[in-house]
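Report on the following structure.
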Amino acid sequence: MSDIQLYGTLGCHLCEDAEVWLQHFFPMLQYDKVDIASDEHLVTLYGLRIPVLQIGDGVMDWPFDPSQAQSLLNQVSSPQPAKQQTPPKARRVLILGAEK
């Protein structure tokens with residue numbers, strides 16, 4: 001599952017509009033469509049709010065705002081500081097010569 005979900009349900013015209021919106025403003029965006037009808041908890045959370053766009057920890061209700069979405073996308077895609085790696089320990093290698 002990606003960091004971006006579009007919550008909606010089948011037959012929701014606003015959800016269809018939200019997909020068109022996403023394709024227009026963010027044509028290369030990869031996201032997961034989540035049908036809330038299959039999960040009672042999601043119906044409780046989003047039933048009266050769909051379509052809902054979740055990007056990382058940020059949640060946007062319809063109508064979406066392009067600048068807010070871009071801001072959330074920047075937070076999700078910003079690289080995390082690299083962990084410092086310790087160099088590998090030096091190894092001693094003993095090479096034995098072949099007997100003649």
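The first residue in the sequence is number 1, and the count goes up from there. As the structure is a computational prediction, the values presented were derived from the model and not from experiment.
- The line from OG of Ser38 to CG of Leu10 is 11.5 Å long, rounded to the nearest 0.5 Å.
- For Gln54 (side chain) and Gly56 (main-chain N/O), a donor-acceptor pair under 3.5 Å exists by modelled atom type.
- To the nearest 0.5 Å, atom CG of residue Asp39 and atom CG of residue Leu45 are 8.5 Å apart.
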> Passes side chain to side chain contact (heavy atoms under 4.5 Å, CB included), Lys33 versus Tyr7? Steps please.
Replying inline: CA-CA 6 Å; Lys33 286 176 34 176; Tyr7 294 98; over 6 Å; no
>> Pair Leu14, Ile50 - check side chain to side chain contact (heavy atoms under 4.5 Å, CB included), show working.
In response: CA-CA 8 Å; Leu14 293 177; Ile50 59 173; over 6 Å; no
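- Annotation: side chain of Val34 is in contact with side chain of Leu42 (closest heavy-atom distance under 4.5 Å).
- Here the CG-CG distance, from Leu22 to Leu6, works out to 6.0 Å after rounding to the nearest 0.5 Å.
- Closest heavy-atom contact between Gly8 and Cys15: CA-SG, 3.5 Å.
- Ring orientation note: the planes of Trp21 and Phe64 are nearly perpendicular, at an angle over 60° on the 30°/60° scale.
- Of all heavy-atom pairs between Gln30 and Ile4, the closest is O-CD1, 3.8 Å.
- Closest approach of Asp35 and Thr9 over heavy atoms only: OD1-OG1, 2.8 Å.
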>> The test is side chain to side chain contact (heavy atoms under 4.5 Å, CB included); show your working for Leu53 and Trp62 and say whether it passes.
In response: CA-CA 8 Å; Leu53 182 62; Trp62 184 256; over 6 Å; no
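- When only modelled atom types and interatomic distance are considered, Tyr31 and Gln5 share no side-chain donor-acceptor pair under 3.5 Å.
- With contacts defined as side-chain heavy-atom distances shorter than 4.5 Å, the pair Leu72/Met60 qualifies.
- Atom-to-atom distance recorded for Arg49:CZ and Ile36:CD1 is 10.0 Å, nearest 0.5 angstrom.
- If you take CD on Glu19 and NE2 on His24, they are separated by 15.5 Å, rounding to the nearest 0.5 Å.
- Taking CZ of Phe25 as the reference point, atom OG of Ser67 lies at 10.0 Å (rounded to 0.5 Å).
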